[in-house]
Amino acid sequence: TQLSLYTSPSLPNITLGLPAS
Amino acid sequence: DSLSIHQLSAQGELDQLIACLQKGEQLLNRPDERGFTPLMWAAAFGEIAAVRYLLEKGADPHVLAKERESALSLASNGGFKDIVTMLLDKGVDINVYDWNGGTPLLYAVRGNHVKCAEALLARGADITMEADSGYTPMDLAVALGYKKVQQVIEAHILKLLQR
């Protein structure tokens with residue numbers, strides 16, 4: 001049987017794509 | 001082939017997880033190469049039964065991964081309110097911050113997870129903590145245009161002012 005593997009969890013960059021505050 | 005304890009936790013494979021832990025208690029808090037424990041994998045993927053079981057077995061909910069990621073931030077980022085509540089009930093640091101200054105509340109706001117934001121605010125999450133980029137939770141809600149989350153934060157601020 002083919003084991004499906006989840007990718008490692010990660011937390012995003014909070015303000016990616018937002019203008020500098 | 002067998003899945004690692006991290007994969008079993010993430011995939012919510014409870015029977016195999018139980019069997020795996022029976023073979024080796026020391027696996028319970030085993031960090032992966034980035035420092036993520038099985039509890040963190042389960043929290044990140046919203047596997048509430050696995051989270052509950054791992055906590056019952058004594059998994060440490062306070063562990064931080066190599067870049068200071070926490071189970072609470074992972075659950076908040078995923079919008080898994082029940083897991084957020086379970087972890088808070090274990091007394092984890094509600095204002096833990098990580099590599100980019102992210103706190104559980106900031107991740108809940110960033111993901112537009114209203115219920116998670118409410119649960120964190122109700123338990124005293126600090127609304128003044130800024131991400132490294134200087135954004136507070138309110139700044140983030142406004143910048144992202146998440147009206148409902150913004151209203152939840154505003155209602156919370158009003159409550160604080162009324163006290």
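Residue numbering restarts at 1 for every chain, and letters A, B, ... go by the order of the sequence lines. Computed from a prediction, not measured in an experiment: that's the story for all the values here.
Of the two parts of B:F36, only the side chain, counted from C-beta on, holds a non-hydrogen atom closer than 4.5 Å to a non-hydrogen atom of chain A. The parts of B:L74 that come within reach of chain A are both its backbone and its side chain, each placing non-hydrogen atoms under 4.5 angstrom from that chain. In this structure, the portion of B:A131 lying under 4.5 Å from any heavy atom of chain A is its side chain and not its backbone. Contacts of B:D32 with chain A are made by side-chain atoms alone, with heavy-atom separations under 4.5 Å and no backbone atom involved.
A heavy-atom distance below 4.5 Å is found between the side chains of A:P19 and B:Y135. Residues B:L3 and B:Q11 form a side-chain contact, since some pair of their non-hydrogen atoms from C-beta on lies under 4.5 Å apart.
Ion pairing between a basic and an acidic side chain is recognised when a charged N comes within 4.0 Å of a carboxylate O; B:R123 and B:D89 show such pairing.
Side-chain N/O atoms of B:T136 and B:D139 include a donor and acceptor closer than 3.5 Å.
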